[in-house]
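Chain naming here is simple, since letters A, B, ... match the order of the sequence lines and numbering starts at 1 in each. Keep in mind that this is a model prediction, so the values were computed, not measured.
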Amino acid sequence: MSDETMIALRNVGKRFGTFRAVHEASFNIRRGEFFSILGASGSGKTTLLRILAGFEAATEGEVHIDGAPMDAVPPHMRPVNMVFQNYAIFPHLNVRDNIGFGLRKLKLDKAERARRIDEMLELIKLPGFGDRQADQLSGGQRQRVALARALILRPKVLLLDEPLGALDKQLREQMQMELRALQRSVGITFVLVTHDQEEAMALSDRVAVMAEGRVLQIDPPAGLYERPVSRRVASFVGSMNFLTGRVLSEDGGISHIRIAEMASARLPTSQLAGAGRTPCLAIRPERIAIHAKPPAGQGLPGVLKDRVYLGERTQYLVETGAVDAPLVVSVPNTAADAALQTSGAQVWLSWDDAALIPMTEN
Amino acid sequence: MTITHSSDGLGTTGARRGTSSLRRLLARFESLRGLALLAPTLVILGITVIVPFLLMSAMSLWTQIGFDYADDWSVRNYTTILSEPLYTTLLLRSLGMAMAATLLTVVLAYPMAYFLAFHVHRNKLVWLIIITLPFWTSYLLRVFAWRVILGYEGVINSGLMEIGLIAEPLNVLLYSRTAVIITLAHAWAAFALLPIYVSLEKIDKSVLEASADLGEGPVMRFFRVILPLSMPGVIAGTFLMFIPTVGDYVTPALVGGPNAQMIGNLVQLQFGTVNNWPMGAALAITMILSITLVGLLFLGLMYALRRWAR
């Protein structure tokens, strides 16, 4: 294990009876990294986080934190701290005592204890709130107190279980920025669990996508968005169109793929490895161009079904006959074409072959 | 918008306007709504508690002379109570025995409530029913049951003799203060257990995980989080148990014997055989005041403990 690694999971699994909540999770989380686990509810992401915290014991595999095996270490002995989903603020203590709760074991003198708590109140931008009772705090303030309470112990790893889920959109976006800045300034490894792909993308150095207890892909946000390994990951991260192609011929490492009448693509054969003779080809809505007149090269004809104005861009739904579901096309509004205002109009779609992402059906 | 008048002309307008203005009043003042909810209980409390209490207070200032009452108001009964060792001894003994029974019950009920709140995940209702099962029988029967258990030829004595631990029956079991304390502790257990259970059940489990996460082991988790958060239940349970047991007279009468009589027995005597109602009333009032005093001291102690524990 290298010095770079803070958390190492080796074939970690968790069964509840016959149900497998986590299935053979093996990956490393680097020192100082902001790592997210992204998944729908029931994907096993929270179970995985709770295994790291020690609240659940893995039924298979090993967890190492900072090089030390964790299997016999109870939660209160682990070098990690957690921000709980509902914040779990102690209702019988005021803000100061909540933040200072974990300091008892450090046996600090009164002045040092007070200094550290003040420092934390400053960090979470709540100076002067020390004497407030827990029930006098708003959601955002509770979230900050939960954060301060964990960070004051200077853990090696901070675990965050959907920390922003309970906040409204505006506050959530503001807290995302603050969380990111905080993580950079304290330099602690953050592991965040979320079902919000935008949050994961905005905050993380790397994201692990989980579904049905399995880790499907681990990549930096850009890699996840641009090169999803499977249809599942692709549909979870942003919106995506799926086309089905058929390999017609191969020539000099380039495969010629027929997608529909009037639409074909040339892709490096190496990219198609494992995708079979009828690969699934995914394409992002913003990578498709929409035309009111037949384009110069090849264009897939279709009928405009619907048009949704989204402020900075417009989304078009186009029925093509090439696939069952209508294709989603997203165009920045600076380039919006006046001819595309009416639904029912005949349109043509085109794309750069490099924008097609071949993947397996799953 | 125009105001439509009632067109039925049968004089219901006034009544209708009356209810609507009452409704408006209730909607505007939340405290009034609370009072409206309390009203029936307050009426019953007034008739069954406050009026009798005032009557008792008044009567305690009378003096019994033979079959008659002296025609002046005086605190003679109270000075007698405070100067006569019999009364003060009995009063202090009652408070002491009730405290012992309460302490015993709270200490024993707490783990049970804890188990129920944190370790029973299914069929909680069944467990609750089992725990409160003794309360399905009458109080008197429960006390008699303890006579059967503690008696000279009772379950414990015959059991101990059977296994050869003792040669002849112990006669310290029944008719002793211990017998009264044990019986009270058992007979009132649910009154202490249920409030403790409710306050433990209310504790958010993630708060316990948070305290573990912040470095506290099981023992400190209990003292820093579980106990303070369940304190309202402990205090409620203590009061629910302590207040009625101080004045209990059935249990000491049936399992107590001469050395374990309590203030309730004396009050009963004054109203019965002795036929000195003013003295009985004064004793009852003294008892209520001392319970209040002990209760306030207890609350003060809890408050101090809470401040100290921070």
Side-chain angles (χ1 to χ4, degrees), chain A residues 46 49-50 52-56 73-107 110 113 130-131 133-135 142 145-155 157-163 166, chain B residues 30 106 110 113-114 117-123 195-239 298-310:
Chain A
T46 298
L49 196 76
R50 290 173 60 81
L52 294 180
F55 297 129
E56 305 283 355
V73 184
H76 63 278
M77 310 284 273
R78 295 199 178 196
V80 303
N81 285 116
M82 183 149 163
V83 176
F84 289 81
Q85 185 168 16
N86 63 355
Y87 312 138
I89 303 291
F90 299 114
H92 59 301
L93 300 177
N94 65 16
V95 170
R96 289 194 78 84
D97 293 331
N98 259 287
I99 294 176
F101 189 91
L103 293 179
R104 188 189 65 88
K105 285 209 155 171
L106 304 183
K107 308 236 183 296
K110 263 192 164 169
R113 182 187 147 92
D131 296 325
Q133 282 301 312
D135 57 9
R142 295 169 78 84
V145 172
L147 204 57
R149 187 176 70 178
L151 282 175
I152 200 169
L153 300 175
R154 296 166 191 169
V157 180
L158 185 73
L159 307 172
L160 303 108
D161 186 5
E162 305 251 11
Chain B
E30 211 197 315
V106 170
Y110 200 99
Y114 186 94
F118 294 115
H119 296 289
V120 177
H121 302 293
R122 265 187 259 167
N123 302 329
I196 297 173
Y197 163 72
V198 169
S199 67
L200 284 171
E201 179 68 37
K202 261 194 351 202
I203 297 175
D204 181 357
K205 306 292 175 286
S206 68
V207 166
L208 304 184
E209 287 187 344
S211 60
D213 185 69
L214 294 168
E216 293 297 12
V219 177
M220 285 314 284
R221 283 208 289 278
F222 176 77
F223 284 109
R224 293 190 73 192
V225 181
I226 300 175
L227 190 58
L229 285 176
S230 62
M231 232 31 219
V234 172
I235 291 172
T238 303
F239 277 119
F298 175 69
L299 278 182
L301 181 73
M302 288 299 124
Y303 184 72
L305 266 179
R306 212 180 120 181
R307 296 208 57 149
W308 172 80
R310 287 241 158 127

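Between A:Arg104 and B:Glu216, some side-chain heavy-atom pair lies under the 4.5 Å cut-off. A heavy-atom distance below 4.5 Å is not found between the side chains of A:Tyr87 and B:Ser206. The shortest distance between side-chain heavy atoms of A:His76 and B:Met220 does not fall below 4.5 Å.
Neither the backbone nor the side chain of A:Met77 has a heavy atom closer than 4.5 Å to any heavy atom of chain B. The contact between A:Arg50 and chain B is made entirely by side chain atoms (from C-beta outward), counting heavy-atom distances below 4.5 Å. Looking at A:Leu159, there are no atoms closer than 4.5 Å to chain B (heavy atoms on both sides), in backbone or side chain.
For the atom pair CG of B:Leu229 and CG of A:Leu93, the computed distance is 8.0 Å after rounding to the nearest 0.5 Å. A distance of 5.0 Å separates CG of A:Asn86 from CG of B:Asp204, quoted to the nearest 0.5 Å. A:Phe90 contributes atom CZ, which lies 8.5 Å from atom CG of B:Leu208 (distance to the nearest 0.5 angstrom).
The most heavy-atom pairs under 4.5 Å with chain B, out of A:Gly54, A:Ala53, A:Gly102, A:Ala88, come from A:Ala88.
Between A:Phe55 and B:Ala212, the closest heavy-atom pair is CE2-CB, 4.2 Å. Here the closest heavy-atom approach between residue B:Arg224 and residue A:Phe101 is recorded as NH1-O, 2.9 Å.
Within a 6.0 Å sphere centred on NZ of B:Lys205, other residues, nucleotides and ligands contribute more than 12 heavy atoms.
Side-chain N or O atoms of A:Asn81 include one that pairs as donor or acceptor with a backbone N or O of B:Asp213 at under 3.5 Å. Under a 3.5 Å cut-off, the side chain of A:Lys105 and the backbone N or O of B:Gly215 do form a donor-acceptor pair.
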